[in-house]
Amino acid sequence: LVRSLPDPVVVKYVRTPALPEPYETQGRYIRDLLSEFRAASRGRWTVETVTPDNSDASVSDLARLGLESARFTQMASDQFQVREGFLGLVLFYQDQQDVIPFVKNANNLEYEIASRLRVMSQKKKKTLFFVSNHNEVSPQHMKQGPAARLFEEFHVEPTRLSLKDDPGIWPDAIFLLGPQNKLNDDELDALDRYISSGVPVVVALNRRVVMPNSFRSIAQETGLESYLAHYGVNVDREFILDERCQNIVMQSRENAYYVSYWPFVMANNLNKDHVAVRNLDVLAFPYANAVSPSFGDGAPLAFTPLARSSEKSWVWEGAYNVDPPSLLAQRQSQSPSRRGPFTLAAVVEGSTVTFRAPQRSVPNLRLVVLGTSYFANPQFPHPDGNPLFILALAQWLTQDGQYLAMPPKSSPYRPLKMLAPVLKGLTKAVGYFLVPVLIVLAGLLHWRHRRTVRAEVRRWMEEGTGRA
């Protein structure tokens, strides 16, 4: 990224010396990271280290740059002290300035610096359309949290699909996240117009809507079911259930307790060969439906899974009551109709014709389909990977390959691996008895070694006495 910049970058690194841990170590890491940027820039990267003092003039100058002082607590001379300090960055590129007021966590600093440079160096921001006239998930929900960079890197435009209304601007990608009303023919024509022009589209489709108070679901028709099937994707109606899932809180008369809620699938079976999910650990798919290809071999389309459920997932035909007690009772009395893993999100690429007008060609189709829009709904619990995935999709669909090499880090997900009963018993036996057995063996070896040494000493003494 910095090697491709036509103009130099100046970075002011403001750091108060002798900060308490972990910020002192973090400060050294920041210095090393800036050195790596400088080495990659081929002379277009200059770092100015600023060591502020406690004067009012210094604090005022830094405040004008947008830097914030932070309070640190530390023990010094057997006393509890509170002091103020700075640990921030100011980036200058061309006639623009951006600031990282205080580096609280250096884990995402490479991403933060790269994303800010990318925005500063863009001649024109790419435009994302979020369809919003069918009660879809609003992009405004993403302004807080990991996906907030979406609004800094792109023009995010809520829009409606219509051939009659001229949007005035042309999108670089379209997001259609969970429509709750049926799209009419005019809206499908408008979507076809964008697809035939090469605009990539992301669709998150709910085949059933869940009532959160009763845990019951009702079927819904959006008009996208046959539309997506034409473009190579079928979305099933049944919910995917998975033992690798999130916990939810249930309330009884006496207390609250946690239960494993199978419809809230946690997927860490991600396609690491695809750049959009390569650096993510886990994605949550609440109330998800399986996604599958609707075309056979030889079709000019390619179906690439992005996320899949675990081998412990299953589907029950007609199981639409998803309250935990009903699911547990059904698990004890009914076998799964189908077993996983199932595809939860996929991308279809290739050439085809439009849905509404088969005489119109689509030379470059790029369609991402998710089997649930609750994936992006902030009212549902999900890890940081979910909003980061939306951000990564926007970056990939707008073809920014360099930037995707430096994604933000998401929270790691390390589920416990279930063992077979025989292995469980063996593992317990090893844990209980291996260390004591090793200690006994070590003692026996030591005893035998000392016995051998004593015998050698005794033999040497006897030989010495005989010679004397």
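In this text, all values refer to a predicted model and were calculated from it rather than measured experimentally. Residues take their numbers from the sequence shown, with the count starting at 1.
- In this structure, the side chain to side chain contact (heavy atoms under 4.5 Å, CB included) partners of R38, at least two apart in sequence or on a different chain, are S35, W45, V47.
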| field | Working for side-chain hydrogen bond (donor to acceptor under 3.5 Å, both in side chains), residues D242 and S310 | value | CA-CA 7 Å; D242 200 333; S310 76; 2.6 Å; yes
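- Salt bridge status for D236 with R338: present, with a side-chain N to carboxylate O gap under 4.0 Å.
- The aromatic ring centres of Y261 and F215 sit less than 6.0 Å apart.
- A salt bridge is absent between R366 and E349: the closest approach of a Lys/Arg side-chain nitrogen to an acidic carboxylate oxygen does not fall below 4.0 angstrom.
- Atom OG1 of residue T222 and atom CG of residue N206 lie 9.0 Å apart, to the nearest 0.5 angstrom.
- In this pair, Y287 and Y374 present their aromatic rings perpendicular. The plane angle is above 60°, beyond the 30 to 60° band.
- Side-chain contact between S217 and F239 is present, with at least one heavy-atom pair separated by less than 4.5 Å.
- Annotation: F375 is not in aromatic contact with F380 [ring centroid separation under 6.0 Å not met].
- Heavy atoms of other residues, nucleotides or ligands lying less than 6.0 angstrom from NZ of K126 number more than 12.
- Atoms CG and OG, from L344 and S313 in turn, are 8.0 Å apart once rounded to the nearest 0.5 Å.
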| Taking it one step at a time, do Q220 and N181 satisfy side chain to side chain contact (heavy atoms under 4.5 Å, CB included)? | CA-CA 8 Å; Q220 73 167 0; N181 307 113; over 6 Å; no
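- By the neighbour-count criterion of 12 heavy atoms within 6.0 Å, atom OH of Y257 is densely surrounded, having more than that number from other residues, nucleotides or ligands.
- Using a 4.0 Å cut-off between a side-chain N of Lys or Arg and a carboxylate O of Asp or Glu, E153 and R118 qualify as a salt bridge.
- Cation-pi geometry between R15 and F102 is not met at under 6.0 angstrom from the ring centre and within 45 degrees of the axis.
- In this structure, R244 does not pair ionically with E311, as no charged nitrogen and carboxylate oxygen lie closer than 4.0 Å.
- For S260 and N247, the side-chain atoms include at least one donor-acceptor pair closer than 3.5 Å.
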